[in-house]
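Numbers here simply count residues along the sequence, with the first being 1.
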Amino acid sequence: MRLVQLSRHSIAFPSPEAALREPNGLLALGGDLSPARLLMAYQQGIFPWFSPGDPILWWSPDPRAVLWPEQFHLSRSMKRFHKSSPYRITLNHAFDRVIRSCADDRDEGTWITESIILAYQQLHELGHAHSIEVWRGDELVGGMYGVAQGALFCGESMFSRAENASKTALLVFCQAFIDSGGRLLDCQVLNNHTASLGAVEIARKTYLEHLSELRAVPLADRFWVPRVLFSPSA
């Protein structure tokens with residue numbers, strides 16, 4: 001199959017089924033990172049991922065890595081840690097700091113370029129992209145961000161600068177997400193870290209079926225309003 005070159009004058013994407021098998025799920029290149037195009041992409045199970053200096057590349061992997069939030073793997077050591085956790089967890093308190101920390105905390109380099117940061121900041125301002133923050137006192141020590149699609153949350157990246165910080169972010173978010181009607185987290189491509197937390201692979205076709213159903217399912221009213229999700233004193 002031929003890689004599709006996107007037009008800057010149309011936000012339409014080819015069907016995810018047209019994505020190349022190798023590299024895994026590469027579907028198209030070009031276009032731009034406008035909010036309208038990004039939202040169109042996420043609605044079809046497509047996301048951007050490219051290195052600095054490369055053209056914008058769009059992906060739809062097969063298989064797809066997902067995490068059912070109720071199947072988050074809580075190890076005994078993590079359970080003990082969380083019982084006496086020193087962390088306060090917030091929602092949508094510091095999106096810019098979280099995405100920039102995700103970009104900075106990569107020894108091997110990052111795909112989270114300045115253009116990606118600015119694009120997702122726009123999505124955040126429009127109410128589509130969200131962050132979860134982990135605080136030790138007034139210090140931001142971990143977090144994650146992603147894009148909401150109804151009762152499905154597309155996780156993009158996370159970072160950790162203290163023991164179990166990113167795991168705590170995901171654990172607390174999963175609990176709040178379930179309580180508000182959330183059903184599925186998209187992890188895109190499986191790696192050792194997400195697998196250890198309970199993520200599994202499913203066929204792209206199955207993922208797209210879940211996405212089609214869940215993006216129309218609303219969460220509890222005002223779920224994404226900035227607030228404290230967990231406090232060690234609570």
Side-chain angles (χ1 to χ4, degrees), residues 4 6 10-19 25 27-28 31-49 56 58-72 91-92 95 98-99 116 119-132 144-158 169-190 194 197-227 229:
V4 175
L6 300 182
S10 169
I11 61 172
F13 284 92
S15 167
E17 297 299 331
L27 176 67
D32 58 27
L33 295 171
S34 66
R37 190 186 299 272
L38 282 171
L39 290 175
M40 178 67 73
Y42 279 95
Q43 289 165 10
Q44 297 180 60
I46 301 163
F47 57 88
W49 184 26
I56 300 172
W58 301 90
W59 306 76
S60 184
D62 188 14
R64 188 81 169 222
V66 299
L67 172 63
W68 278 273
E70 66 275 11
Q71 295 181 9
F72 176 90
L91 177 69
N92 283 331
F95 184 89
V98 167
I99 192 172
I116 285 284
Y120 283 81
Q121 283 175 333
Q122 285 185 291
L123 282 189
H124 174 64
E125 290 164 6
L126 292 169
H128 301 291
H130 306 282
S131 60
I132 298 89
M144 54 184 277
Y145 77 96
V147 176
Q149 289 288 297
L152 188 153
F153 184 70
C154 304
E156 282 295 315
S157 187
M158 58 175 56
L170 186 57
L171 169 63
V172 171
F173 176 73
C174 282
Q175 292 171 339
F177 195 53
I178 291 169
D179 291 344
S180 295
R183 300 267 296 280
L184 187 63
L185 274 69
D186 171 27
C187 303
Q188 298 179 348
V189 178
L190 195 67
T194 55
L197 298 176
V200 297
E201 291 183 324
I202 61 175
R204 177 174 55 211
K205 181 176 184 294
T206 304
Y207 171 77
L208 294 176
E209 290 169 353
H210 286 305
L211 173 62
S212 178
E213 174 194 355
L214 296 178
R215 72 186 183 205
V217 177
L219 296 179
D221 188 41
R222 297 175 63 81
F223 175 76
W224 295 113
V225 170
R227 57 198 170 96
L229 295 179

**Asked** Does the side chain of Val4 reach to within under 4.5 Å of the side chain of Leu27, using non-hydrogen atoms?
**Response** no

**Residues Glu17, Lys205: salt bridge by 4.0 Å N-O rule** = no

**Message:** Can you give me the closest heavy-atom contact between Leu184 and His210, atom names plus distance?
**Reply:** CD2-CB, 3.9 Å

**Prompt:** Okay, side chain of His130, backbone of Gly127: is any donor-acceptor separation there less than 3.5 Å?
**Reply:** yes

**Item:** Ile56 vs Leu33 side-chain heavy atoms within contact, under 4.5 Å
**Value:** yes

**Request:** Using the six-membered ring wherever Trp is involved, compare the ring planes of Phe153 and Phe177 and label them parallel, tilted or perpendicular (cut-offs 30° and 60°).
**Result:** perpendicular

**Asked** Considering residues, nucleotides and ligands other than Arg183, do more than 12 of their heavy atoms fall under 6.0 Å from its CZ?
**Response** no

**Option from Leu123, Asn92, Ile132, Ile99 for which side-chain contact (heavy atoms from CB on, under 4.5 Å) with Tyr145 holds** = Ile99

**Prompt:** Are side-chain heavy atoms of Gln43 and Phe13 found at a separation under 4.5 Å?
**Reply:** no

**Prompt:** When you measure from the side chain of Ser60 to the backbone N and O of Gly45, does any donor-acceptor pair fall under 3.5 Å?
**Reply:** yes

**Heavy-atom pair of closest approach, residues Leu152 and Leu214** = CB-CB, 4.1 Å

**Prompt:** Side chains of Leu185 and Phe173: closer than 4.5 Å at any heavy-atom pair?
**Reply:** yes

**Asked** Does some side-chain heavy atom of Pro48 sit less than 4.5 Å from a side-chain heavy atom of Leu38?
**Response** yes

**Asked** How close do Pro61 and Gln188 get, heavy atom to heavy atom, and via which atoms?
**Response** CG-O, 4.1 Å

**Asked** What do you reckon, is CH2 of Trp49 surrounded by more than 12 foreign heavy atoms closer than 6.0 Å?
**Response** no

